[in-house]
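Structure, as structure tokens:
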Amino acid sequence: MTEFHILVLALVQGITEFLPISSSGHLVLVPIFGGWADQGLMMDVAVHVGTLGAVMIYFWRDIWFMLRGVIRVSKGKSDPGARLAGLVVFATLPVIAAGFLLNEFIGPSFRTIEVIGWTTLGFGVLLYISDKMGLTIRRVEHTGIADALIIGLAQCLALIPGTSRSGITITAARFLGYERVDAARFSMLLSIPAILGAGTLKGWELYQAGNVQLTNDALTAAGLAFVAAFIAIMVMMAWLKRASFTPFFIYRLVLGTGLLYFAYFT
């Protein structure tokens, strides 16, 4: 891989992983329009590790809050941190089952420009509607089992490239009345087990392939993805304190329309 290829891959993964614009869709499009071969498992694992590190450092207070709660519960004490940790795990269960079924029975058939175009456009419109119609009266601390289940089920749709894991979970949270920052916050917390699971799966595949040696390319990609993801999270969370998701909707509208034009008229 060239240095430019590594840079593009890391930046695309890092920036799009947490913004509601679909990292999976962009990663499918990069080799198509860039004329590059698939980057391989090593690079997939590397950029996943980078983005996981970014979200864990940014939300270290929430992670410590949940870990401390789990420790307290193990000693027989009730704790809201353990409750939040349980809700995050509970909301992750549907996507685990859906991911298994998708890989088992459907495979990569959704990884086309047409599908990415429609999902980018359609779920972008849904994000805009939820942001305009949703109330801003609830916070992460108000999350219940029903809310976690709804958001977790919505996350299953992100297995289709172009949907956006963060986008669809934020959309569900906004429809449920969560404030913008808290909708994004819960979405980010949900990303931790999701990225950890995806990274572990790819890492196991890499181990089975017999190629576990770290390379300079992988380390560079992980570092760049970490920096890009951390900056993307900071910018989005700061933006949402004073504005809406409209810029992301506009981006998805333009990208989705362009992809559909390319797919059907070129």
Side-chain angles (χ1 to χ4, degrees), residues 11-30 47-48 51-52 54-55 58-59 88 91-92 95 110 115-136 138-140 143 147 150-195 198 225 228-259:
L11 292 182
V12 168
Q13 171 69 18
I15 293 172
T16 61
E17 179 66 48
F18 302 110
L19 301 185
I21 56 177
S22 179
S23 62
S24 61
H26 282 76
L27 288 176
V28 171
L29 296 175
V30 166
V47 294
H48 273 83
T51 54
L52 178 64
V55 72
Y58 187 88
F59 288 100
V88 169
T92 303
V95 78
F110 286 150
V115 169
I116 296 173
W118 284 114
T119 53
T120 297
L121 181 60
F123 288 110
V125 171
L126 197 62
L127 172 65
Y128 180 79
I129 293 173
S130 71
D131 194 36
K132 295 303 178 183
M133 293 181 59
L135 301 176
T136 54
R138 307 182 69 187
R139 305 196 64 185
V140 169
T143 305
D147 292 345
I150 292 171
I151 296 172
L153 289 172
Q155 185 173 217
C156 296
L157 294 172
L159 295 171
I160 305 173
T163 300
S164 172
R165 191 210 59 80
S166 60
I168 197 63
T169 52
I170 287 171
T171 296
R174 289 293 291 135
F175 272 127
L176 291 170
Y178 284 79
E179 297 182 13
R180 292 185 178 98
V181 170
D182 284 83
R185 178 183 163 204
F186 192 70
S187 173
M188 299 287 185
L189 294 178
L190 275 184
S191 75
I192 295 174
I195 298 174
F230 193 82
I231 293 174
I233 295 172
M234 285 197 303
V235 171
M236 186 176 76
M237 297 302 285
W239 172 265
L240 294 179
K241 290 179 180 179
R242 59 181 67 90
S244 70
F245 288 100
T246 299
F248 304 107
F249 158 68
I250 294 174
Y251 176 81
R252 294 183 68 132
L253 179 65
V254 173
L255 178 61
T257 302
L259 290 175

**Request:** Kindly determine whether I192 and V88 satisfy side-chain contact (heavy atoms from CB on, under 4.5 Å), including the steps that lead there.
**Result:** CA-CA 9 Å; I192 295 174; V88 169; over 6 Å; no
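- Here the closest non-hydrogen pair linking T246 and D131 is N-OD2, 4.3 Å.
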**Request:** Given side-chain contact (heavy atoms from CB on, under 4.5 Å), test L259 with W118 step by step and report yes or no.
**Result:** CA-CA 8 Å; L259 290 175; W118 284 114; over 6 Å; no
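- In this structure, the separation between OG on S166 and CZ on F248 is 8.5 Å, given to the nearest 0.5 Å.
- Proximity of L255 to L121: side-chain heavy atoms (C-beta onward) are nowhere separated by under 4.5 Å.
- Using a 4.5 Å heavy-atom cutoff, the side chains of F175 and I129 are in contact.
- In this structure, T51 contributes its side chain and V47 its backbone to a donor-acceptor pair below 3.5 Å.
- Listed by chain and residue number, I231 satisfy the side chain to side chain contact (heavy atoms under 4.5 Å, CB included) test with V235 (two or more places apart in sequence, or in another chain).
- Rounded to the nearest 0.5 Å, atoms CG (L153) and CD (Q155) are 10.0 Å apart.
- Within the 4.5 Å cutoff, the side chain of T169 has no heavy atoms near those of the F186 side chain.
- No hydrogens or angles considered: nothing links the side chains of T16 and S23 as a donor-acceptor pair under 3.5 Å.
- Side-chain N or O atoms of R174 include none that pairs as donor or acceptor with a backbone N or O of K132 at under 3.5 Å.
- The minimum heavy-atom distance linking S164 with G167 is given by the pair OG-N, 2.8 Å.
- Across all non-hydrogen atoms, the minimal contact from S187 to I170 is CB-CG1, 3.8 Å.
- Using modelled atom types and a 3.5 Å distance limit, the side chains of T143 and Y178 yield a donor-acceptor pair.
- The two residues T120 and R252 make their nearest non-hydrogen contact at O-NE, 2.9 Å.
- Among the candidates I21, I160, T171, L157, the single residue satisfying the side-chain contact (heavy atoms from CB on, under 4.5 Å) test with F123 is L157.
- Between A194 and R165, the closest heavy-atom pair is CB-CD, 4.1 Å.
- Residues R180 and R185 are not in side-chain contact: their nearest non-hydrogen atoms beyond the backbone lie 4.5 Å or more apart.
- Here the side chains of D147 and R138 are in contact, with some heavy-atom distance below 4.5 Å.
- Note: S24 OG to I116 CD1 = 7.0 Å, rounded to the nearest 0.5 Å.
- When side chains are defined from C-beta on, F18 counts as touching S191, because their heavy atoms get closer than 4.5 Å.
- You'll find the side chain of V55 stays beyond 4.5 Å of the side chain of L189, heavy atoms only.
- In this structure, the separation between CG on L176 and CG on D182 is 13.0 Å, given to the nearest 0.5 Å.
- Looking at heavy atoms from C-beta onward, P161 lies out of side-chain contact with T119 at the 4.5 angstrom threshold.
- Ring orientation note: the planes of Y58 and F230 are nearly perpendicular, at an angle over 60° on the 30°/60° scale.
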**Prompt:** Which is it for S130 and L127 under the side-chain contact (heavy atoms from CB on, under 4.5 Å) test, yes or no, and what are the steps along the way?
**Reply:** CA-CA 5 Å; S130 71; L127 172 65; 4.3 Å; yes
**Request:** Decide side-chain contact (heavy atoms from CB on, under 4.5 Å) for Y128 and M133; before the verdict, give the C-alpha distance in whole Å, the side-chain angles of both, and the deciding distance to 0.1 Å.
**Result:** CA-CA 9 Å; Y128 180 79; M133 293 181 59; over 6 Å; no
